[in-house]
Amino acid sequence: MFRNRAGEAGLSRLTDFEIPFEARFPVGDGKIVVGVTPTFLDAGSPAGDWATASRFGGGPGSAFTGLLSGTTAGQQNASGLGLSVGYEGKNFGASIGTTPLGFQQVNLIGNATFKGAFGDAWSYKADLSRRPVTDSLLSFAGAKDERTGERWGGVVSTGARGDIGYDDGTYGFYGYGALHGITGKNVASNSRFEIGGGSYIHLLSEPGNKLTLGLNLGIMGYDKNLSYYTFGHGGYFSPQSFVSLALPVDWSGRNNRLSWRVNASLGVQAFNQKETPYFPTDSNRNGDAGRAAAGAASLGLTNTIYNGRYPKTSKTGLAYNLAAVLEYQLAPKMYLGGSIGLNNAQDYRQFTGSLYLRYVFDGSSTLGVPTGTTLRPLVSPYTPLL
């Protein structure tokens with residue numbers, strides 16, 4: 001699995017390469033799922049100019065001493081081995097695992113999910129979880145400023161989400177709500193709420209061909225803006241208000257040995273982020289940074305006035321998302337699949353691509369009539385595609 005996010009080298013840019021291995025064993029009416037995921041991250045090195053160097057790690061103070069001594073913040077990369085074990089049943093599922101062992105900051109993660117139905121049309125799901133925030137190398141793995149030796153990051157989101165839906169075969173609607181606390185090593189604590197919902201109609205509903213068209217509204221907000229990369233920030237998108245309105249299309253089907261699913265949407269999004277301190281966990285650092293910035297200005301290293309705060313931002317624009325999965329049955333029990341994803345949701349542009357091979361040991365299956373598996377792409381346990 002390959003993922004790339006555009007952005008500034010050493011800060012928001014991210015290249016993510018993962019090789020998930022997953023084994024599923026029948027137990028009673030469910031399955032035990034064991035996963036191992038070698039993971040490699042690279043964000044590059046922060047540029048050595050004042051404008052960039054002063055927005056990472058120790059901030060203006062580190063940038064000043066670094067520019068005078070010729071030292072840099074260092075290459076920002078990480079590698080490790082993620083582990084997980086879980087259970088999946090008809091109505092209940094649970095898992096426990098770790099972010100990759102070998103990262104700067106390793107966290108225990110997991111979830112417990114219960115789902116069910118009311119009659120033939122209503123469904124519901126409740127999810128308790130602790131998951132990594134994978135927006136950047138800082139939020140996913142943690143970072144180190146070589147100029148100061150300080151480490152921070154490795155952010156996780158802990159909380160609950162509830163979903164409810166209705167589908168009578170002709171049309172459907174759904175709603176959800178979520179509340180999470182967000183924490184990380186030497187990162188200011190934060191909280192997030194989410195609410196949303198939508199509706200859709202079935203344009204096609206045949207055994208081998210399904211197509212829906214819908215309308216979705218999502219609203220999200222964070223208590224604090226911690227989207228930057230100086231010490232105390234988390235490096236993850238955290239607007240105080242975010243609204244998205246989208247028209248999603250979902251098409252899935254199967255023809256002989258070939259199965260597919262395509263999910264695409266186009267809409268508009270708007271968000272606001274309030275101004276925030278360079279160092280949200282230690283106000284004393286802002287005074288030291290101000291003196292360093294003044295010293296840099298006196299030497300002609302910068303002409304920017306430092307006030308200890310990142311400015312507020314707001315943006316409204318088009319949002320797009322495309323996720324597609326294709327799977328081919330090579331043999332009665334062997335499947336080859338691949339996926340691609342492209343979106344600019346929230347405040348980034350991201351591309352993902354993957355290739356996977358699945359072998360089903362149990363059950364019976366013949367070419368063109370697969371019964372041992374359904375279209376279930378093997379994806380990263382940290383950043384699912386669909």
Nearest 0.5 Å please: distance from the [atom1] atom of [X] over to the [atom2] atom of [Y].
{"X": "T134", "Y": "D16", "atom1": "OG1", "atom2": "CG", "answer": "7.5 Å"}
{"X": "T276", "Y": "Q240", "atom1": "OG1", "atom2": "CD", "answer": "8.0 Å"}
{"X": "L203", "Y": "L213", "atom1": "CG", "atom2": "CG", "answer": "5.5 Å"}
{"X": "Y356", "Y": "Y335", "atom1": "OH", "atom2": "OH", "answer": "10.5 Å"}
{"X": "N225", "Y": "F237", "atom1": "CG", "atom2": "CZ", "answer": "9.0 Å"}
{"X": "Y124", "Y": "W122", "atom1": "OH", "atom2": "CH2", "answer": "13.5 Å"}

Could you go through the side-chain contact (heavy atoms from CB on, under 4.5 Å) check for L11 and L138 one step at a time? CA-CA 8 Å; L11 304 179; L138 171 60; over 6 Å; no
Check whether [X] reaches the backbone of [Y] with its side chain - one donor and one acceptor, N or O, closer than 3.5 Å.
{"X": "K274", "Y": "K312", "value": "no"}
{"X": "D250", "Y": "T212", "value": "no"}
{"X": "R130", "Y": "L108", "value": "yes"}
{"X": "Q75", "Y": "A73", "value": "no"}
{"X": "T148", "Y": "E150", "value": "yes"}
{"X": "D168", "Y": "Y171", "value": "yes"}
{"X": "T99", "Y": "N107", "value": "yes"}
{"X": "T52", "Y": "G48", "value": "no"}
{"X": "D145", "Y": "G58", "value": "yes"}
{"X": "N186", "Y": "R151", "value": "yes"}

How close do [X] and [Y] get, counting heavy atoms only, and between which atoms?
{"X": "V133", "Y": "V156", "result": "CG2-C, 4.2 Å"}
{"X": "A141", "Y": "A78", "result": "CB-CB, 3.8 Å"}
{"X": "Y176", "Y": "G218", "result": "OH-CA, 3.7 Å"}
{"X": "A143", "Y": "F56", "result": "CB-CZ, 4.3 Å"}
{"X": "S136", "Y": "G234", "result": "OG-O, 4.2 Å"}
{"X": "S227", "Y": "Q273", "result": "OG-NE2, 3.4 Å"}

Could you tell me if the side chain of [Y] sits less than 4.5 Å from the side chain of [X], heavy atoms only?
{"X": "Y306", "Y": "N286", "value": "yes"}
{"X": "R309", "Y": "P277", "value": "yes"}
{"X": "T352", "Y": "R3", "value": "yes"}
{"X": "L322", "Y": "V262", "value": "yes"}
{"X": "R55", "Y": "P46", "value": "no"}
{"X": "P280", "Y": "L226", "value": "yes"}
{"X": "N321", "Y": "N263", "value": "yes"}
{"X": "P60", "Y": "W50", "value": "yes"}

Could you tell me if [Y] and [X] have a donor-acceptor pair between their side chains, going purely by distance under 3.5 Å?
{"X": "S259", "Y": "E327", "answer": "no"}
{"X": "Q329", "Y": "N256", "answer": "no"}
{"X": "D223", "Y": "N190", "answer": "no"}
{"X": "T113", "Y": "N111", "answer": "yes"}

State whether Y278 and R285 meet the cation-pi test: NZ (Lys) or CZ (Arg) under 6.0 Å from the six-membered ring centroid, and within 45° of the perpendicular axis. no
Please say yes or no: joined through hydrophobic side-chain contacts below 4.5 Å, possibly via intermediate residues, are [X] and [Y] part of one cluster?
{"X": "L179", "Y": "I182", "value": "no"}
{"X": "L204", "Y": "L247", "value": "no"}
{"X": "L258", "Y": "M334", "value": "yes"}
{"X": "L14", "Y": "M1", "value": "no"}
{"X": "W251", "Y": "Y328", "value": "yes"}

Evaluate side-chain contact (heavy atoms from CB on, under 4.5 Å) for I19 paired with V36, printing each intermediate quantity in order. CA-CA 8 Å; I19 313 173; V36 178; over 6 Å; no
Does NZ belonging to K125 count more than 12 external heavy atoms closer than 6.0 Å? no
Taking atom CH2 of W260 as the centre, does the number of heavy atoms from other residues, nucleotides or ligands within less than 6.0 Å exceed 12?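 Correct, the count exceeds 12.
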For F173 and Y200, what are the C-alpha separation, side-chain angles and deciding distance, and is it a side-chain contact (heavy atoms from CB on, under 4.5 Å)? CA-CA 6 Å; F173 58 85; Y200 56 90; 6.0 Å; no
Would you call the rings of [X] and [Y] parallel, tilted or perpendicular if under 30° counts as parallel and over 60° as perpendicular?
{"X": "F271", "Y": "F242", "answer": "parallel"}
{"X": "F103", "Y": "F140", "answer": "perpendicular"}
{"X": "Y310", "Y": "H233", "answer": "perpendicular"}

Salt bridge (charged side-chain N to carboxylate O under 4.0 Å, His left out) against R349, all qualifying residues, sequence neighbours excluded: none
With ring pair (Phe, Tyr, Trp, His ring centres under 6.0 Å) as the criterion, how do W152 and Y228 come out once you've worked through the C-alpha distance, each side chain's angles and the decisive distance to 0.1 Å? CA-CA 12 Å; W152 77 110; Y228 297 100; over 10 Å; no
One thing to verify: whether R161 and D163 come together as a salt bridge, which I'm taking to mean a side-chain N less than 4.0 angstrom from a carboxylate O.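 Salt bridge flag = yes for R161 with D163.
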Please test V243 against V268 for side-chain contact (heavy atoms from CB on, under 4.5 Å), starting from the C-alpha separation and ending with a verdict. CA-CA 8 Å; V243 179; V268 63; over 6 Å; no
